[in-house]
4 protein chains.
Amino acid sequence: MPHREAAQGAIAQRRRDEIVGAALEIFAERGYHATGIADIAAVLNIGHGTFYRYFRNKRDIVSHVLVHVLERLNDTIRDENAAAADTLDECRAQFARVAEKLFAVFTEEPALGRFFFAEALGVDRDFTRALTAGLNTFGGVTQAYLANGVAKGFLRADLDVGVTARSINGMILAAAIDAFDSRDPEKVRTRWLAAAPDLILRGIKA
Amino acid sequence: MPHREAAQGAIAQRRRDEIVGAALEIFAERGYHATGIADIAAVLNIGHGTFYRYFRNKRDIVSHVLVHVLERLNDTIRDENAAAADTLDECRAQFARVAEKLFAVFTEEPALGRFFFAEALGVDRDFTRALTAGLNTFGGVTQAYLANGVAKGFLRADLDVGVTARSINGMILAAAIDAFDSRDPEKVRTRWLAAAPDLILRGIKA
Amino acid sequence: MPHREAAQGAIAQRRRDEIVGAALEIFAERGYHATGIADIAAVLNIGHGTFYRYFRNKRDIVSHVLVHVLERLNDTIRDENAAAADTLDECRAQFARVAEKLFAVFTEEPALGRFFFAEALGVDRDFTRALTAGLNTFGGVTQAYLANGVAKGFLRADLDVGVTARSINGMILAAAIDAFDSRDPEKVRTRWLAAAPDLILRGIKA
Amino acid sequence: MPHREAAQGAIAQRRRDEIVGAALEIFAERGYHATGIADIAAVLNIGHGTFYRYFRNKRDIVSHVLVHVLERLNDTIRDENAAAADTLDECRAQFARVAEKLFAVFTEEPALGRFFFAEALGVDRDFTRALTAGLNTFGGVTQAYLANGVAKGFLRADLDVGVTARSINGMILAAAIDAFDSRDPEKVRTRWLAAAPDLILRGIKA
DNA sequence: TATGAATGAGCCTTCATTCAT
DNA sequence: GATGAATGAAGGCTCATTCAT
């Protein structure tokens, strides 16, 4: 029940999705604070009063954008089953697949990453909390993979799966930032996909 | 020469530092956009006109806050010499020292981390660039440590030092975020200090 | 296209005209610098935010006020045809008509003159330039009358029409200032209308 | 007694004059409202607090500047004696002398004219009144010349000396404005000095 | 006497939000 | 449902003026 007065039909839902999409693009482009409701409406060629028929206010839309982004990321890794890997090689293959997919989604929809990593943090306190909560969710997913490996014995028994999961997510974040900054994202992708799995699995020592 | 018309004496410099400190606190607390110049002035019990004797405008102060934060972090790791480690154990000890120091600085001045990781990204485009540039500097430092290890043979010869350096910084970032969110930062500290060095050096595989 | 985002309809144009009228009154009353946007809005019983829907900023409105004033003055003398007079008497009659009209317009709309002669010069450099350009236009009109008389032989052949035109406009200015300052503008009007034509014509006639 | 606390000595008076001079220059240059007290002080290399030891406030200085300008103009025409001319030719010569002197003073001190005609009107209501009063004084002087001529019979008996005096001053004003706007003030001067006396005398002579 | 650091009234401008049409 | 005109809270910034040193 998004907004008391909002339309409930399928067309209305489509309109809502359009607004979320446009808002994501433009928030990612200019940042939350530099973006006006009128800017979002202008992109969609709708009156900016119309916006308020679908979302309560500016704070409301950015929440919905975050949900949208988190869902897109979730979709990306949903297919993988944390318990599917039984050996280190299968685990490595799984890592590679997830990494590929993440790179793909961030490459295809750059706004996703830019919003998530760059523009979303300045919204406000509550939003930062929500964002962190979303990150923790992904931390939980990663943790499940690790726990599976430890249980099946192909990962170190003494592994702190919580800390390790967060570390891996920090690496993903670093990779994403690297890709955003780079003029040649493809090259960045190749380097990370080549180096990261070994780094995680084997560490850096000789 | 920070502000053309600002006083240049030692007292003036102290006042400037006070303003930077207060701004850091309050930016970290409420975020850049939610903070007014009047808020900063109120904390210091000065008229808000006084602020403008020391900084050109709101954008100016946040730049100075960033510089301050980066300098604080630099101070933290300055003492270590990237080329000092000759063995894996020395390297591990070096890692531990730096990690301790970073945890200490973020624990003693929580605003530092909150500003750096949470509120600083929403300022504007140029600021994000400056922030990223600052992060890259730290990436370069980390990379120097890794290159030393590779050269001396106690780190993998096939290590991609660039990607690895960024990864490690991503882990530091994850640790910092974890600490901010936690109600028991001490516990977080203990866990990370116990787990991270092994994670980096050995990886996760059994 | 006065303001990109402003409404373009007839009602909007009326609103724009109302604002220009109110601004003229109040600029003439208090002067440009002593007038706030809020003052203009208050006169019209509109929110001061509304002002910005119709004019870009304070500088914008004063430019429009100037254009309005110049147009009003132009309207006043438009009906006369500089080439219509063929004799000195016709010329004298023409002078008298224009003088009557000018007195009428300044008497009916005192703000017009007060803005034009008293408050408009302190706006800024560019505005003064625009104002002077407007004055020069009127100088050109006056000059056309004189040139007509010289060509037809009822004005002195050796007349410097440029200087004379400016002189006459200076006299008009003096008359207007005299009228503003006087407590009895009607008396001023009578005196000037009686004395000025003779003064001019004896000076310029062949 | 300019300012209660101001110094009364000769050095103090010199300082006061310096400030008036600097203020005249900079008011003429940028206009009253665009000029800050600090700007005036900066020109003189004095602290801007010092300004307030000599003048009550910003409004005070501009009044003194006006007095200074009016005195300068008065000095220019003081030497002439309105009653000295006994014939039309002597009157013409007198006019020419005064016109020369006025052109000279405005050419030598352009700030004088620019302040008087261009920047002084936007100050505020009271100031405009004072300025008009000053103009009226000059109107009185001009009127004395005319009355002398009428009394001695070389100017028209039916001359409205009041209106005519103001007209002449209006012409002077027009000439001054012309000179300010021109890139070649010397040429302007030559044209006006050639044309104006004839224009006036033919209009006013018996 | 000179200074300039401190102050805050005041003003312009933006933009999220409302609501009559 | 859609629109966009109207609104005013909010905040950045300037600068005349004061006063302690």
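Convention: sequence-line order gives letters A, B, ...; per-chain numbering from 1.
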- [ ] Measure from the side chain of A:Ile37, starting at C-beta and using heavy atoms only, and say which of F:dA6, F:dG1, E:dA16 lies closest.
- [x] E:dA16
Task: Interatomic distance, A:Asn57 CG vs E:dC15 P [rounded to whole Å] - done: 17 Å
- [ ] Would you state whether a donor and an acceptor, one from the side chain of A:His48 and one from the base of F:dA2, lie under 3.5 Å apart?
- [x] no
TODO: Could you tell me whether B:Arg30 and A:Asp124 make a salt bridge, using a distance below 4.0 angstrom between a side-chain N and a carboxylate O?
DONE: no
Open item on the list: Once rounded to the nearest 0.5 Å, what's the spacing between atom CD of A:Glu119 and atom CZ of A:Arg114?
Closed with: 7.0 Å
Task: Watson-Crick or G-U counterpart of E:dC19, or none if no pair lies under 3.5 Å - done: F:dG4
- [ ] Check the distance between F:dA2's P and A:Asn45's CG and give it to me in whole angstrom.
- [x] 14 Å
TODO: To the nearest Å, give me how far apart CD (B:Gln13) and P (E:dA5) are.
DONE: 14 Å
TODO: Give the rounded distance in Å between these two atoms: CZ of B:Phe51 and P of E:dA9.
DONE: 19 Å
Open item on the list: Using heavy-atom distances to pick each residue's nearest nucleotide on DNA chain E, tell me which of C:His33 and A:Lys58 is more 5'.
Closed with: C:His33
Task: Side-chain N or O of C:Arg15 closer than 4.0 Å to phosphate OP1/OP2 of F:dA6 - done: yes
Open item on the list: Does F:dA2 have OP1 or OP2 under 4.0 Å away from a side-chain N or O of A:Tyr54?
Closed with: yes
TODO: Hey, could you give me the CG/CZ distance between A:Leu135 and A:Phe116, rounded to the nearest 0.5 Å?
DONE: 4.5 Å
Task: For the student: nearest non-hydrogen atoms of D:Ala111 and D:Leu24, plus distance - done: O-CD1, 3.8 Å
Open item on the list: From CG of C:Asp39 over to C1' of E:dG10, roughly how many Å is that when rounded to an integer?
Closed with: 11 Å
Task: Rounded interatomic separation in angstrom, taking CZ from B:Arg30 and P from F:dA10 - done: 14 Å
Open item on the list: Rounding to an integer number of Å, can you tell me how far B:Tyr52 OH sits from F:dC15 P?
Closed with: 13 Å
Task: Residue met sooner reading DNA chain F from 5', once C:Gly49 and B:Ala34 are mapped to nucleotides - done: C:Gly49
Open item on the list: Under 4.0 Å, heavy atoms only, any strand: does C:Gly36 hit a base, just the sugar-phosphate, or nothing?
Closed with: sugar-phosphate
TODO: Describe the nucleic acid contact of A:Ile46 in one word from base, sugar-phosphate, nothing, applying a heavy-atom distance below 4.0 Å.
DONE: sugar-phosphate
Task: Integer-rounded Å distance: E:dT14 P and C:Phe55 CZ - done: 15 Å
TODO: Identify the heavy atoms of A:Phe55 and A:His64 that sit nearest to each other, and give their distance.
DONE: CE2-CG, 3.7 Å
